[in-house]
Amino acid sequence: MDRRDFLKTSSWAALGLAASGSIISCDGAQSGPKMPSEVKDRIAALKEKKIFWGDLHNHCAVTYGHGRLCDAIEAAREQLDFCSVTPHALWPDIPGEGDPRLEWVIGYHTEAFKRLRAGGWEKYVEAMEKANEPGKFLTFTSYECHSMEHGDHVALCRDYDVPLLEAESVPDLKEKLRPYRTYVTPHHMGYITGFRGYNWAAFQDGDAQTPFVELFSRHGNAETDMGDADYLHDMGPRTYQGSVQYGLEQGHKFGIMCSTDQHAGYPGSYGDGRVAVLAQELDKDQIWENLGKRHHYGVTGDKIKLDFTINGAEMGSEIKASGAREILLAVEAQNYIDYVDLIRNGKCIARLSGPFTAPMPEGDKIRAKVKVNFGWNREEEYVHWLGALKVEGGEILGYQTCFRGAAFTSPQPGESEFIARVNHVTESDSTHVGLDLYSSKNPNTTTPAQQGVILDVLMSPQGTITAEVNGQSFSYTLEELFQGSKAHFMRGWLSEAVQFERACPEEAFTVGCLMKDTGPERDTDYYYVRVRQRDGQWAWSSPIWVSRC
């Protein structure tokens with residue numbers, strides 16, 4: 001077989017790359033007569049696959065974030081199945097003594113820690129426990145420990161009676177928490193080691209307290225030292241030594257998740273990071289156990305559905321195999337898929353490249369996804385959007401909210417207390433989605449602040465999608481939206497605007513493939529999947545480790 005094997009079906013291209021003597025063959029990219037029935041079945045099953053969405057690391061004014069805890073919980077309910085709002089709690093090796101340049105660091109943090117211990121922790125725990133609704137919306141408590149030496153960590157608590165502890169270091173905190181059910185997770189890992197970047201020398205394989213790490217948050221992308229979402233905070237640049245790739249190449253085993261690290265009281269803020277957990281039910285024990293088993297993955301914002309197995313083993317598993325590894329992959333994205341990569345031992349060994357654009361499929365009824373965005377206002381004041389998205393000539397199969405919290409991390413001028421504007425879906429059925437939203441101006445040309453909703457529709461090409469908001473109505477046929485995005489100002493140039501994004505057909509947001517890796521590279525190989533949409537939203541699976549028998 002040639003070292004490069006291209007298979008083309010429909011508008012997809014499946015590229016198999018050979019590495020170190022192995023062959024990757026890819027059968028059945030996307031749909032068509034060549035696709036194995038098993039792959040077709042797995043793609044179809046994604047519609048009903050049990051995946052629960054959460055944010056386990058974000059902040060509000062409980063310590064030195066912004067916004068009320070009650071609003072943070074309300075915002076989480078709108079988009080998530082479970083969450084934890086995280087107070088900042090301790091910093092054992094805080095720097096700055098004798099350095100006037102860093103005096104503000106000591107004051108800013110230590111005052112917040114004191115407030116938490118002066119009754120704030122008890123009120124926080126009470127509010128989180130009260131918000132917990134088994135089977136509907138789950139809450140966990142947590143708190144954050146900063147560390148120059150070991151990197152920042154979140155202690156996530158299964159139960160509401162876990163105490164707020166003092167510690168001399170992150171390892172000391174972990175040791176003191178061992179009598180309790182907790183996970184202690186590193187985040188914004190890519191900063192410089194010794195300056196709140198992660199110190200992989202402290203990672204202990206098999207430690208049930210740290211089964212996963214936070215790859216992505218509002219700080220940026222720590223998969224490796226290159227690629228999208230570079231670290232831009234004043235805490236410093238992104239480096240390789242703290243990254244997920246560095247840890248995997250050291251032979252460590254851990255799951256991958258994302259959370260927002262949002263500081264304006266908006267858990268699950270779109271584009272800042274979310275975690276997806278595979279479980280049969282929205283049950284606290286199941287979510288907790290499957291986090292520990294690494295049966296989870298991370299996304300930046302869009303709820304990309306991901307099914308990834310090797311020889312039938314779920315993501316996060318450790319297995320043994322004597323022969324070829326059968327790799328089954330199925331993806332349902334929320335927008336045009338740019339590409340899907342299979343990574344083995346730090347190398348891309350197979351890539352499924354999506355279509356740049358896709359024509360409208362033939363048929364009386366077409367399944368497509370259409371995102372409608374609201375925002376772009378110029379003034380400092382928020383725009384309040386009231387109205388609905390409506391469909392005629394078809395039905396809404398489902399929808400996804402793309403609601404963002406504030407893009408800043410400090411109160412704005414003129415506000416003595418920052419209050420989060422919580423976005424709501426007021427009602428929904430098969431023909432409409434009611435909306436009550438707030439948008440702010442984009443703070444710059446690279447940081448979005450608009451709100452959005454993605455409609456998953458099955459409708460006639462001549463069926464219409466209408467946005468009725470703030471007394472105005474804008475309507476397009478599905479056929480028109482396949483020709484390109486449409487947009488309208490509400491009050492003329494430089495006012496708030498509504499945008500209908502280009503319609504995305506099913507063949508462009510779903511892909512499946514059955515691959516075989518015939519040439520193991522190491523005694524234990526790790527594999528994971530990364531998905532990139534054309535709009536810059538990502539998903540990363542937890543790895544699967546395969547050892548030779």
Side-chain angles (χ1 to χ4, degrees), residues 54-77 80-92 94 106-147 152-170 172-185 187 209 259-268 283-285 287-288 291 405 409 411 416-420 422:
D55 181 359
L56 297 174
H57 172 207
N58 59 90
H59 306 285
C60 70
V62 169
T63 48
Y64 55 81
H66 307 280
R68 302 178 303 187
L69 177 58
C70 60
D71 293 328
I73 293 170
E74 183 182 348
R77 288 181 186 277
L80 304 174
D81 300 303
F82 60 93
C83 87
S84 180
V85 182
T86 311
H88 301 88
L90 64 160
W91 192 344
I94 190 168
I106 296 176
Y108 192 62
H109 291 79
T110 55
E111 287 303 314
F113 302 156
K114 289 176 183 177
R115 290 197 305 272
L116 185 63
R117 285 167 172 77
W121 173 254
E122 290 75 17
K123 292 178 181 178
Y124 157 77
V125 172
E126 181 182 1
M128 295 301 291
E129 184 172 9
K130 184 178 180 180
N132 188 65
E133 293 186 77
K136 295 182 179 180
F137 177 73
L138 306 180
T139 64
F140 298 86
T141 56
S142 61
Y143 56 90
E144 180 168 343
C145 176
H146 303 317
S147 173
D152 289 14
H153 288 66
V154 169
L156 180 70
C157 310
R158 164 59 181 82
D159 305 306
Y160 299 108
D161 61 353
V162 178
L164 178 61
L165 300 173
E166 294 286 358
E168 296 179 358
S169 65
V170 171
D172 182 45
L173 177 63
K174 292 180 69 173
E175 191 61 34
K176 289 178 177 177
L177 284 170
R178 291 200 185 278
Y180 307 96
R181 290 191 285 183
T182 58
Y183 297 135
V184 184
T185 306
H187 60 269
Q209 272 190 313
S259 282
T260 63
D261 202 353
Q262 219 263 351
H263 280 64
Y266 217 98
D283 172 80
K284 201 164 188 180
D285 285 330
I287 297 297
W288 188 261
L291 281 169
T409 55
S416 57
E417 180 186 8
F418 172 71
I419 303 296
V422 179

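Computed from heavy atoms alone, side chains included, the values below leave out hydrogens, waters and symmetry copies.
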Close side-chain approach of His59 and Asp261, heavy atoms under 4.5 Å: yes
Gap between atom NZ of Lys130 and atom SG of Cys70 - 0.5 Å precision: 10.5 Å
Side chain proximity check, Ser147 to Ser169, heavy atoms < 4.5 angstrom: no
Side-chain (Asp159) to main-chain (Asp161) donor-acceptor, under 3.5 angstrom: no
Minimum-distance pair of heavy atoms, taken over all atoms of Arg68 and Cys60: C-SG, 4.3 Å
Check: Phe140 and Ile287 side chains under 4.5 Å, non-hydrogen atoms: yes
Shortest non-hydrogen separation from Asp55 to Gly268 and the atoms involved: OD2-N, 2.8 Å
Among Glu168, His109, Arg117, Glu144, the one residue meeting side chain to side chain contact (heavy atoms under 4.5 Å, CB included) with Leu90: Arg117
Distance-minimising heavy-atom pair for Ala89 and Leu164: CB-CD1, 3.6 Å
Gly135 to Leu138 - nearest heavy-atom pair and separation: N-CD2, 4.1 Å
Check: Pro267 main-chain N/O paired with Thr260 side-chain donor or acceptor under 3.5 Å: no
Donor-acceptor contact below 3.5 Å, side chain Glu74 vs main chain Val422: no
Nearest-0.5 Å distance, OG1 of residue Thr63 to OH of residue Tyr124: 9.5 Å
Note: Glu126-Lys123 ion pair, threshold 4.0 Å (strictly below): no
Phe137 versus Ala131, closest heavy-atom pair with distance: CD2-O, 3.7 Å
For the student: nearest non-hydrogen atoms of Glu175 and Pro179, plus distance: O-CD, 4.1 Å
From CZ (Arg158) to NZ (Lys284), nearest 0.5 Å: 5.0 Å
Parallel, tilted or perpendicular: ring planes of Tyr64 versus Tyr108, cut at 30 and 60 degrees: tilted
pair Trp91-Ile106: side-chain heavy atoms closer than 4.5 Å: no
Non-hydrogen side-chain atoms of Val154 and Leu56 separated by less than 4.5 Å: no
Given Tyr160, Tyr143, Phe113, the one that forms ring-ring contact (aromatic ring centres under 6.0 Å, His included) with Trp121: Tyr143
Backbone of Glu166 reached by a side-chain donor or acceptor of Lys176 within 3.5 Å: yes
Interatomic distance, Asp172 atom CG to Leu177 atom CG [nearest 0.5 angstrom]: 9.5 Å
Heavy-atom side-chain proximity of Thr139 to Ile73 below 4.5 angstrom: no
Nearest-0.5 Å distance that lies between atom OG1 in Thr182 and atom CG in Leu156: 8.5 Å
Gap separating the NE2 atom of His66 from the CD atom of Gln262, nearest 0.5 angstrom: 10.0 Å
